[in-house]
Structure formats: C-alpha cells, structure tokens
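Since the structure comes first, as structure tokens, the remarks are kept for the end.
Note on naming: letters A, B, ... go to the chains in the order of the sequence lines (proteins, then strands), and numbering restarts at 1 for each one. Model, not experiment: these values are computed from the prediction.
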Number of protein chains: 2
Amino acid sequence: MLDVLRHVHLHPETTRAELARDLGLSRGSATEILARLRALDLVEETAAEPTGARGRPTRTVRRHDRGPVVAAVDVSYESWRLAVSHLGGGLEPLRRERYGGQPAEDVLGRISRALREVRTAFGARLRAVGVSMSGTVSGGRLVESATIGWRDVEVAERLRIAPIPVVIGNDATMAGVAEARRGAATGADVALHVAVEVGVGGVVLEHGRATTGSTGAGGEFGHLPFGDPDRPCPCGAHGCWDLEVDGRALARILGAPPPAAPRSAADAVLRRAGEGDPAALAAVEQVARNLGRGIGGLVNALDPRIVTLSGVAAALLDQAGDSVRAAYLSGLMRFRRHDPPPLIRAAFPRDGSLRGAAELAFDTVLSEAGLDSWRADARPAPETV
Amino acid sequence: MLDVLRHVHLHPETTRAELARDLGLSRGSATEILARLRALDLVEETAAEPTGARGRPTRTVRRHDRGPVVAAVDVSYESWRLAVSHLGGGLEPLRRERYGGQPAEDVLGRISRALREVRTAFGARLRAVGVSMSGTVSGGRLVESATIGWRDVEVAERLRIAPIPVVIGNDATMAGVAEARRGAATGADVALHVAVEVGVGGVVLEHGRATTGSTGAGGEFGHLPFGDPDRPCPCGAHGCWDLEVDGRALARILGAPPPAAPRSAADAVLRRAGEGDPAALAAVEQVARNLGRGIGGLVNALDPRIVTLSGVAAALLDQAGDSVRAAYLSGLMRFRRHDPPPLIRAAFPRDGSLRGAAELAFDTVLSEAGLDSWRADARPAPETV
DNA sequence: GCGATTATGCTCGTGAGGCGATCATAATCG
DNA sequence: CGATTATGATCGCCTCACGAGCATAATCGC
C-alpha cells in the first residue's frame with residue numbers, strides 16, 4: 001500500500017496497469033489497494049485518454065483534490081520562500097519575502113505566521129513542514145550560517161505550528177534530494193550533489209535517500225582541507241575547500257577585499273570573465289580547477305554514479321567547463337578515468353532546495369506512521385460497534 | 001522471521017524471552033517463529049542456566065550445529081587467510097599462506113582450491129563466500145593494489161566454487177563493517193572507520209551497513225587531496241592524503257628513500273620513536289598531525305557519531321595521541337568542537353577484515369533469497385501431495 | 001512442604017495483506 | 001459483428017503475526 005502510494009508520488013501520471021507492472025502486483029491486489037487509497041481520499045482514478053492500442057483501456061491514477069499537502073520553506077540569503085506541495089510533487093509557490101539582515105527571531109516569527117495561515121487554509125490536510133536552511137544544520141538547529149549571519153538558532157521547534165512533523169536540512173542537501181528523485185540524477189543508485197553558493201555544500205544520495213550523518217550535518221564538503229593549510233576559515237578550521245571555489249576565492253585571486261556578498265561577487269566576476277576581462281578569466285579558470293580537483297577527490301572517496309552541480313559550480317561548468325573537467329579527471333584515480341562519473345548541471349537551479357524540502361516532508365507522510373495518522377484523521381471515531 | 005534470525009546472529013547468547021522483548025514480538029509469535037527456525041536446522045534451544053529469578057525459566061537460543069556457514073577470505077600483503085564462520089559470527093581459522101610476490105592467477109587458484117576443500121567438508125552448509133582484498137575494489141574486481149602489486153584482477157568470478165554468492169570488498173571496508181556491528185562502533189548510527197596500512201582506506205557505516213558507493217569502490221579516503229598538490233600519487237592523482245600518513249610519509253620526512261614495504265617501515269619508525277629517537281619522533285608527530293587534520297575534515301563532511309582507527313592510525317593514536325587529537329580538533333568546524341566524535345582504537349586490529357567479510361557473506365544468507373534457498377535445500381522435493 | 005506469585009511457553013481464533021484463478025468488461029482488428 | 005487483447009473485479013486461499021487464555025516451571029513466604 002505504501003509502495004503504491006510512493007510510486008504514485010514519484011510518477012504522478014501513471015496508469016493503473018503500469019503501476020501493477022512496475023511494482024509486480026497482481027491485478028487483484030491493485031484493485032484492492034487502490035480501492036483503499038480511494039476511500040482514504042488519497043488518490044482518484046479517471047478514465048485514461050485512449051491510447052489507440054487494443055484491449056480494455058486502463059485508468060490513470062491521480063492525487064486526490066483533498067489529499068494531504070506539505071509546506072516547504074526555504075530560507076536563503078536575504079529572502080525566504082514558502083510553497084505548498086501535494087502528492088505527486090508539484091510545487092505551488094505561496095509567498096516570498098526579503099528580510100535583509102533581521103534577527104532570526106523576527107524572521108522565524110514571520111515564517112511561523114505564514115505557516116499558520118497555510119494551516120488555516122488547508123486544515124488537517126497539512127501533514128508536515130519541510131525547511132531548507134542556507135547554513136550548517138545539526139540536530140534540528142541552524143548551527144552556523146555564513147550566508148544569513150545567524151548562529152545556533154533552534155528552527156524545528158520554532159516552526160512547529162501544529163502537531164505535525166517538521167524536517168529541517170541544509171539547502172544543498174535538500175537540493176540534492178530533489179535532483180536525485182526528480183532531477184538530473186533520477187535513477188542513479190548513488191549520486192553526489194555539489195552546490196557552491198557561499199562555500200560548498202552537497203550531499204551523497206543512495207537511491208534518493210540523503211546520507212546526512214548522525215546529526216544531519218553531513219555534506220559539509222566545503223570544510224574538507226583541500227586548500228592552503230595556512231588559510232583560516234570562518235568555521236574555525238584551516239585550508240577549507242570553501243575558500244577556494246566561491247566568490248571569496250575569486251576576489252582574493254583578483255586582489256580584491258573579501259566581498260560582503262560572495263555569491264553576487266562571484267556572479268559579477270563570472271560576467272566580467274564572460275565579457276573577456278583577462279584577469280577575471282584567469283581567476284575563473286583557477287577556481288574552476290580548484291572545483292574540479294576537489295570533485296575528483298570526492299568521487300574517489302564516495303564513488304557516485306553521477307555528479308550534479310548547482311550555483312557557482314554550475315556556472316563554472318558552463319563558463320570554464322574544460323578547466324573543471326581537466327582538473328576533475330586529473331584528480332581521479334587512474335582506474336576511474338576511462339569511465340568517469342559525468343558532471344551535470346542540476347535540473348532545478350532555482351527551487352531545488354524548496355523541492356527537496358517538500359520531498360523530505362512528504363517522506364513523513366508516506367510512512368507507516370504518516371498513513372496511520374491520516375487514517376485516524378479521516379475516520380474521527382474508529383467505530384467498533 | 002528474518003528479524004529473529006538476524007538478532008540471533010548479532011546476539012548469539014540471547015534467551016528467548018529477551019529476543020521477544022527486543023523485537024517487540026508477542027510470545028505466540030516467538031513460539032511459532034522459533035519452531036520454524038528449529039525445523040529448518042537453523043537454531044537450537046536449550047535450557048538456560050538458572051538465573052535465580054522467579055518465574056518459569058526461559059531457554060537460550062543458539063545456532064544449530066548443522067546450520068549454514070560462510071567462508072571468509074582475506075588477501076593482504078604477502079599472505080592470505082581463510083576462515084569459516086557460522087550463525088553468531090564466530091570465526092574458525094582454517095588456513096594461512098604466505099605467497100610472496102606470486103601472480104594473481106596462481107594465488108587465486110590456491111585460494112579457490114582451499115575453498116573447494118571447504119565446500120567438500122561442509123557441503124550444502126556452505127552458503128556464501130566473503131572476500132576481503134587489500135586494494136581498490138570496484139564491481140567485483142580488484143582494480144589496483146599498491147600493497148599486493150596486482151592490477152585489474154577479476155576476483156569474484158574466479159573464486160565462485162559453487163552456485164553461491166561471492167561478496168568482495170576492500171579490507172578497510174570489511175574491517176569497518178566488523179567494527180560497526182560487533183566492535184568498537186557497535187550501536188553507532190553512523191560510524192567512520194579509518195585504516196592506515198599502505199595508504200588510507202576506510203568506510204562510512206550507517207547502522208552497520210557500509211556505504212560503498214555505486215561500484216563498491218567507496219571509502220578511498222586516501223585519495224582525497226589533503227596533501228601537497230604537487231606530489232604525484234601512484235594512483236595517478238596529485239596531493240593524495242595517502243602520501244602524508246603512512247610509511248612512505250614517515251620515510252620521506254626522515255629523508256629516507258621510498259620503502260618497499262611501507263607498513264613495516266612505518267612500524268620500524270614508530271618503534272624508533274618509542275625508543276626516543278628524536279628524528280623519528282618528529283616524523284611521527286608530523287604524520288600524526290596529518291592524520292588528525294584529515295580525520296577532522298572527514299568528520300566535517302560525513303558527520304559520524306564515532307571514528308574507529310586501525311593499523312598505523314591506531315598506532316599513531318597510541319604513540320602520538322595528543323598530536324592526532326589536537327590536529328583533529330583544530331580541523332573540525334567550530335560547532336563540533338565542544339562534543340567531537342571520539343577517536344577510538346578498532347576492536348579487531350588483527351582480523352577485522354576477515355570478520356567483516358564473514359559478516360557481509362552472512363548478509364546474503366540472512367536475506368529473503370538466502371532463506372528461501374536454504375529452505376529449498378533442506379526439503380529437496382517440495383511435496384504437494 | 002505447599003500454596004502464592006511470577007515469568008515464560010503453547011494453542012487457537014482472528015485479522016491483515018497479498019496471490020492467483022476465474023469471470024466480467026471495454027477497447028481495437030479483420 | 002465476432003475474435004482478440006488487455007484490463008478490472010471477485011473470491012478462495014495462504015502466510016504471517018497478534019493477543020487472549022491456558023499450561024508450565026521456577027522462587028518466595030509461611
């Protein structure tokens with residue numbers, strides 16, 4: 001039953017016959033299970049458009065209009081976004097606000113109010129909240145964020161606006177989940193996502209499951225010491241890869257002071273390089289090599305099938321792809337070079353983290369416990385007369 | 001049923017009552033399941049020794065004397081070992097041979113013959129073979145081994161002496177599995193194992209499951225570029241961590257030529273350092289810092305609950321623990337420092353890889369398919385009269 | 001020593017969940 | 001318009017685990 005529901009979630013436009021084939025279900029089981037899902041207002045079945053093939057036409061399985069929804073929040077540099085997602089993964093943007101440099105408490109208060117509005121609008125249909133934060137997340141807390149400027153903020157509890165699960169994760173992790181499940185890494189057994197915004201984030205995904213370590217802080221690849229061992233990192237360590245591949249690295253190579261907004265600084269340098277500025281070009285090439293070399297090391301260590309890139313990493317792949325790839329190849333162990341995992345642009349450069357947050361939130365809905373609680377809400381009194 | 005069998009495997013000396021409690025089984029189910037397992041010659045039940053407590057005494061659940069066994073092979077530097085393991089994980093060493101610098105084909109032939117002897121001795125009780133190789137393993141092949149000196153050798157198929165599963169993995173991976181399931185990292189949700197012999201190997205374990213990437217080559221942490229970017233590595237890349245933490249690093253720091261046997265060279269330097277030789281001491285300190293710094297980066301990226309160390313890494317922890325730990329802490333992101341994952345000596349410094357190979361081999365036995373095939377063998381003709 | 005207490009094992013009825021055979025249904029093909 | 005083809009619905013069956021009630025075997029307390 002859960003398998004069926006998950007399949008519908010991942011393949012929103014399947015027909016019933018496909019579903020039975022893909023999951024190896026007998027037609028009898030399919031009938032039974034789908035009847036249950038229909039009764040629970042989770043799916044609807046409608047006549048499929050005629051395919052022209054012989055045989056009795058099958059029916060398409062769709063999400064129910066009054067099925068469960070989740071809220072997805074993405075808190076990134078200077079602005080946050082809120083969207084609602086339903087079975088099948090579609091995203092409905094609801095709100096976007098810029099918040100400048102306001103303190104965490106104020107911003108979380110605003111987000112909390114917005115979530116309460118969602119709760120009012122959707123009632124018990126709202127089953128979970130997924131939150132993506134630009135920064136290091138550990139144990140439900142935002143531990144540190146160079147991007148936002150907050151430190152050690154309790155987020156999960158602060159945004160719990162109802163007795164429903166709240167999942168929180170790093171933005172690169174979330175984006176990786178989106179890529180692995182519905183984006184550029186769909187179907188890969190093991191995928192590596194690398195996002196460069198301010199510093200480097202990423203995640204390894206096994207069959208779409210993020211490996212986030214013991215506290216959820218896994219994927220901080222930017223704090224692997226790939227760089228100059230003498231260069232201090234704001235994280236407290238030295239020689240972090242972070243400092244070699246983002247706007248700070250570009251500025252440093254160009255002899256400019258550390259930028260206040262490394263992401264837009266990177267974009268500016270990339271633009272100048274695109275226009276032919278030789279100094280900018282040289283800096284971009286250098287950073288592209290730093291990126292490629294590090295990814296090579298990560299591939300050696302983690303053995304992914306495919307690598308997806310987003311943010312500045314994707315831009316570098318576009319503008320200095322040869323340098324990225326050359327450094328990548330020469331950073332690989334020899335046996336990998338004849339068939340290296342491809343470097344691919346992320347499919348969701350804009351809303352990957354929002355999508356991933358929705359995805360992880362939906363995981364709690366599409367679980368034994370989530371289904372039980374949905375059942376309990378649908379049938380207020382479990383009659384035993 | 002599988003859960004019960006796995007529990008018996010992991011806790012060989014449980015009583016039946018404990019088993020039911022731990023797995024949340026009703027007593028009725030326990031009775032039924034254990035009756036089935038007994039009928040299949042998988043477990044035996046004997047009266048437990050009296051505890052002195054009140055109530056009806058329970059019975060201990062043990063492996064059956066004619067239950068399934070697996071063979072475990074460990075091919076390491078200059079010698080290979082063969083052992084047999086049964087339900088519960090106990091290891092019975094059978095053979096150990098030195099093979100000098102012989103070609104792969106000869107050595108695998110010898111191992112194959114030894115395995116066939118095991119097959120003859122145990123017959124259909126032999127259900128799987130686990131092989132641990134000192135070197136990089138990808139897709140069932142030994143791709144490259146600096147230690148053994150072989151390159152691109154098909155191992156899995158070569159050692160298939162019967163229609164039973166053959167699992168093969170890197171020795172550090174196997175040792176990590178053993179640590180996570182029965183050793184120093186037992187119970188950790190996420191554990192990191194780091195082994196330094198010739199170069200660095202390791203693995204991340206989630207609930208005892210090794211994350212070995214898409215081809216099984218995951219965990220080659222030694223080829224992360226933590227070192228001098230200009231130093232070429234035999235693997236083809238540059239600046240590999242490998243070159244900074246093993247016997248080659250110690251020799252280089254001491255101004256000695258590259259050792260033919262880096263592992264014993266490391267032991268020699270460690271012994272001299274232990275005897276107070278100042279040059280050796282300084283080299284050991286330097287390598288200890290290189291090790292600690294890299295582990296710090298790995299912990300940043302992978303977020304384990306605990307780190308287990310074996311080989312030269314464990315020796316460095318013993319002899320230069322303060323240096324390892326200081327470099328480790330200063331390589332950690334700040335937020336991790338107040339409660340860093342502990343660095344711990346491996347519990348199985350000698351036979352971890354053999355144990356891990358047995359463990360992974362037994363995974364195939366303790367699976368749906370493995371149980372089905374055991375059932376099929378026990379009842380030659382599934383009567384339907 | 002013997003009933004009371006306590007903890008465990010066994011039996012049996014129940015229910016969930018899925019399989020597969022059989023029949024029913026709805027399209028296209030000739 | 002029947003033959004063919006693919007799908008849906010129904011029903012008996014099987015497996016698996018639960019849980020209530022009874023049986024069993026130890027210690028405790030008098």
Side-chain angles (χ1 to χ4, degrees), chain A residues 1-8 14-40 42-62 366-369 371-372 374-376 379 382-385, chain B residues 1-8 13-40 42-62 367-369 371-372 374-376 379 382-385:
Chain A
M1 181 146 170
L2 268 177
D3 292 337
V4 173
L5 203 53
R6 290 198 187 112
H7 194 273
V8 173
T14 25
T15 68
R16 182 163 169 168
E18 262 179 36
L19 216 155
R21 264 194 301 274
D22 290 357
L23 296 177
L25 280 175
S26 71
R27 292 203 297 268
S29 305
T31 299
E32 220 175 321
I33 292 172
L34 283 168
R36 282 200 299 259
L37 293 178
R38 269 198 316 260
L40 284 169
L42 287 167
V43 306
E44 275 176 343
E45 288 184 283
T46 56
E49 77 282 12
T51 61
R54 260 197 211 183
R56 177 173 176 173
T58 185
R59 291 198 260 171
T60 49
V61 181
R62 297 213 157 72
L366 303 180
S367 68
E368 206 68 59
L371 206 54
D372 282 353
W374 177 258
R375 261 191 283 253
R379 312 271 165 89
E383 300 288 339
T384 345
V385 185
Chain B
M1 180 145 169
L2 269 177
D3 292 337
V4 173
L5 203 52
R6 291 200 186 110
H7 194 274
V8 173
E13 288 296 309
T14 24
T15 69
R16 182 164 171 168
E18 261 179 38
L19 215 155
R21 263 195 301 274
D22 289 357
L23 296 177
L25 281 173
S26 70
R27 294 201 298 267
S29 307
T31 299
E32 222 176 319
I33 291 171
L34 283 168
R36 281 199 300 261
L37 293 178
R38 269 198 316 260
L40 285 168
L42 288 167
V43 305
E44 276 176 343
E45 288 184 283
T46 55
E49 76 283 11
T51 61
R54 262 198 209 182
R56 177 174 176 172
T58 185
R59 292 198 260 170
T60 49
V61 180
R62 297 214 156 72
S367 69
E368 206 68 59
L371 207 54
D372 282 353
W374 178 258
R375 261 192 283 254
R379 312 270 165 90
E383 302 287 340
T384 345
V385 184

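You'll find the side chain of Leu371(A) stays beyond 4.5 Å of the side chain of Leu366(A), heavy atoms only. Taking 4.5 Å as the limit, some side-chain heavy atom of Leu2(B) sits within range of a side-chain heavy atom of Glu368(B). Considering only heavy atoms from C-beta on, Leu40(A) comes within 4.5 Å of Met1(A) through its side chain.
Glu32(A) has its CD atom 10 Å from the C1' atom of dT10(D), to the nearest Å. Leu25(A) has its CG atom 14 Å from the P atom of dT7(D), to the nearest Å. Rounded to an integer number of Å, the gap from Ile33(B) CD1 to dG19(D) C1' is 14 Å. Atom-to-atom, CG of Leu34(B) to P of dG9(C) comes out at 9 Å; the value is rounded to the nearest Å. Rounding to whole angstrom units, CG of residue Leu19(A) and C1' of dG8(D) are separated by 14 Å.
The phosphate of dT11(C) has neither OP1 nor OP2 within less than 4.0 Å of any side-chain N or O from Thr31(B). Contact annotation: Arg38(B) side-chain N/O to dG9(C) OP1/OP2 distance is not under 4.0 Å.
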Self-check item: Pairing string, 5' to 3', for DNA chain C - Watson-Crick or wobble contacts under 3.5 Å, brackets [ ] where pairs cross, | to another strand
Solution: ||||||||||||||||||||||||||||||
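Closest to the side chain of Arg16(A), out of dA9(D), dG19(D), dC19(C), is dA9(D). Between dG18(C), dG9(C), dT7(D), one nucleotide has an atom nearer to the side chain of Arg36(A) than all others, and that is dG18(C).
Residues Thr46(A) and Thr60(A) bring a donor and an acceptor atom of their side chains to less than 3.5 Å of each other.
In this structure, Ser26(B) reaches the bases: a heavy-atom distance under 4.0 Å links it to at least one base atom across the strands shown.
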Please write out each protein N/O paired with an N/O of nucleotides 14-16 of chain C under 3.5 Å, distance rounded to 0.1 Å.
none

Considering only nitrogen or oxygen atoms on both sides, find all protein atoms under 3.5 Å from nucleotides 20-23 of chain D and state each distance.
none

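Going from atom CG of Asp3(A) over to atom OG of Ser29(A) covers 11.5 Å, rounded to the nearest 0.5 Å.
At least one donor-acceptor pair under 3.5 Å links the side chain of Thr31(B) to the backbone N or O of Arg27(B). Put simply, the side chain of Trp374(B) never gets that close to the backbone of Leu42(B): no donor and acceptor are under 3.5 Å apart.
Map Arg54(A) and Ser29(A) each onto its nearest nucleotide of DNA chain D; the residue landing nearer the 5' end is Arg54(A).
Scanning for salt bridge (Lys or Arg N to Asp or Glu O under 4.0 Å) contacts around Arg16(A) gives Glu45(A), with sequence neighbours left out. Glu13(B) pairs by the salt bridge (Lys or Arg N to Asp or Glu O under 4.0 Å) definition with Arg62(B), not counting sequence neighbours.
Residues from residues 1-8 of chain B placing a heavy atom under 4.0 Å of any atom in DNA chain C do not occur.
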